[in-house]
Q: 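Quick one: the structure is below, and I'll ask about it shortly.
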2 protein chains.
Amino acid sequence: MKKSRRIIAEQEKVDKRDSLSQILNAAAVAFMENGFAATSIDTVADVLGSTKGKIYYHFKSKTDLFLAVHQDSMTQYVNAIERIALGGGTPEERLRGVLRALALQIMTRFAFSRVAVQGVELHMSRSTTPAQRKTLRSVIEMRDKGEQIFVDIIAEGVASGQFRRCEPRLIVKPMLGAMNWMTMWYRPRADETDESREALAASIIDYLIFGIRAEP
Amino acid sequence: MKKSRRIIAEQEKVDKRDSLSQILNAAAVAFMENGFAATSIDTVADVLGSTKGKIYYHFKSKTDLFLAVHQDSMTQYVNAIERIALGGGTPEERLRGVLRALALQIMTRFAFSRVAVQGVELHMSRSTTPAQRKTLRSVIEMRDKGEQIFVDIIAEGVASGQFRRCEPRLIVKPMLGAMNWMTMWYRPRADETDESREALAASIIDYLIFGIRAEP
DNA sequence: GTCTATAGCGGGATAGAC
DNA sequence: GTCTATCCCGCTATAGAC
């Protein structure tokens with residue numbers, strides 16, 4: 001296996017006895033590299049260290065496998081930021097908290113995060129079964145729920161005067177975009193530490209809170 | 001042709017006598033919708049209103065076609081921001097100018113912009129000819145050149161004290177990410193005007209300059 | 001449960017007509 | 001220059017062995 005692929009695959013501490021988790025993880029790594037359409041089930045099997053027979057025993061189709069990865073990614077993400085949003089603190093403290101959770105999610109679950117970003121792009125309108133469409137709808141609902149968490153915190157901060165007057169929905173797009181764009185340029189490295197990840201997250205979050213202008 | 005596709009295709013005022021531009025435009029629209037791997041040459045031909053014979057007469061392969069669209073997109077973008085960066089004004093004025101040019105580029109050349117974003121993702125390491133690799137290198141160089149323009153303006157503003165003390169390279173990633181992420185949620189609409197586009201660009205740029213915190 | 005073998009087809013690319 | 005017809009490879013998905 002390629003070195004970069006190994007680093008990313010090893011981010012997930014997968015229970016070696018759980019076939020399903022192993023497959024999801026291998027699929028995330030494979031889809032991450034070349035996208036849904038350009039990734040063959042044989043490639044996923046290669047990453048997994050088996051043949052595609054194993055995959056088709058657990059998943060009905062390539063689309064189902066992709067959606068399962070996508071759903072797993074979104075579930076963990078929304079759970080993480082929801083917990084923080086419901087915790088205490090000022091709007092700014094909570095906004096920093098959810099942004100930090102998103103940044104760390106992207107860095108420490110990189111393959112899954114990239115699949116989630118791809119999934120937003122894919123319509124998959126054609127050739128989807130009703131069951132697949134149902135899964136896709138639930139994933140989109142989770143994404144919207146996650147975005148709403150950010151909107152609510154910002155609206156609260158505007159109401160309290162801590163944030164400047166603005167339309168929260170218009171702020172959320174560039175704010176989350178700046179974070180999600182990490183999936184384009186960031187790549188996990190073997191020599192990373194919790195501290196280096198926190199530092200990177202903090203520098204981005206500071207920018208997203210303060211902007212670039214010097215205090216007058 | 002689908003309505004949304006028609007709106008986007010008509011953004012480009014293509015010279016009806018120029019086969020090459022017509023093909024590039026049709027390819028951009030097709031690739032925009034489903035990505036490189038999932039788009040067949042027959043689909044591009046459909047958008048073009050011809051058969052794939054015409055396309056293969058002008059382009060050696062699907063990869064060459066994609067790279068031509070990508071190159072066209074990046075060339076226009078870099079030319080646009082370079083002109084503005086070399087003009088006069090304070091660092092903040094010029095930063096606003098290049099951000100505005102990027103935002104308008106994404107909105108008014110939407111299909112090409114989405115291809116450019118995809119292209120960054122595609123490694124295309126396998127099955128590329130030396131000529132293709134050369135094109136890909138030149139496109140990547142253009143992208144880096146564009147990013148450097150932003151870095152330089154920010155560094156200048158930091159030096160002059162107009163911008164807060166920061167590492168320009170770390171600011172540029174989220175700043176451009178916020179803009180490029182528009183390709184994920186923005187969609188051209190038939191009822192748009194120059195004014196509505198300027199307003200949207202301005203709201204994003206204000207956020208990227210000021211951040212979200214109220215003045216203390 | 002996982003493997004091997006293969007059916008079936010979509011789509012890239014080409015040859016040759018016009 | 002553009003179209004039609006076709007070759008052929010690669011990949012999804014399945015059948016059947018173990």
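As the structure is a computational prediction, the values presented were derived from the model and not from experiment.
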Q: Looking at A:Glu33 and A:Arg114, does any basic side-chain N land under 4.0 Å from a carboxylate oxygen?
A: no
Q: Does B:Thr51 make a side-chain N or O approach to OP1 or OP2 of D:dC3 shorter than 4.0 Å?
A: yes
Q: Please determine, by modelled atom types, if B:Thr135 and B:Ser138 share a side-chain donor-acceptor pair under 3.5 angstrom.
A: no
Q: Round to a whole Å and report the spacing from CZ of A:Phe59 to C1' of C:dT2.
A: 15 Å
Q: Please give, in whole Å, the distance from D:dC11 P to A:Ile55 CD1?
A: 14 Å
Q: So what does B:Thr43 touch, heavy atoms closer than 4.0 Å: a base, only the sugar-phosphate, or nothing?
A: nothing
Q: Tell me the interatomic distance from B:Asp46, atom CG, to D:dC3, atom P, rounded to whole angstroms.
A: 12 Å
Q: Output yes when at least one side-chain N/O atom of B:Tyr57 is less than 4.0 Å from OP1 or OP2 of D:dG1, else no.
A: yes
Q: Please give, in whole Å, the distance from D:dT14 P to A:Tyr56 OH?
A: 8 Å
Q: Any side-chain heavy atom of B:Ile140 sitting closer than 4.5 Å to one from B:Asp144?
A: yes
Q: Taking atom types as modelled, find out whether B:Gln148 and B:Arg169 have a side-chain donor-acceptor pair closer than 3.5 angstrom.
A: yes
Q: When you compare the side chain of B:Phe36 with that of B:Val115, does any pair of heavy atoms fall below 4.5 Å?
A: no
Q: With a cut-off of less than 4.0 Å, is there a side-chain N or O of B:Lys62 near OP1 or OP2 of C:dG12?
A: yes
Q: Mind calculating the distance between NZ (B:Lys52) and P (C:dA13) to the nearest angstrom?
A: 10 Å
Q: Please determine if a side-chain N or O atom of B:Ser61 lies less than 4.0 Å away from the OP1 or OP2 oxygen of C:dT14.
A: no
Q: Between atom CD1 in A:Ile41 and atom C1' in C:dC9, what is the gap in whole Å?
A: 16 Å
Q: If only side-chain N and O atoms of B:Ser50 are considered, is one of them under 4.0 Å from the OP1 or OP2 phosphate oxygen of D:dC3?
A: yes
Q: What is the distance from NZ of A:Lys54 to C1' of C:dG1, rounded to the nearest Å?
A: 9 Å
Q: Check the distance between C:dA13's C1' and B:Lys60's NZ and give it to me in whole angstrom.
A: 13 Å
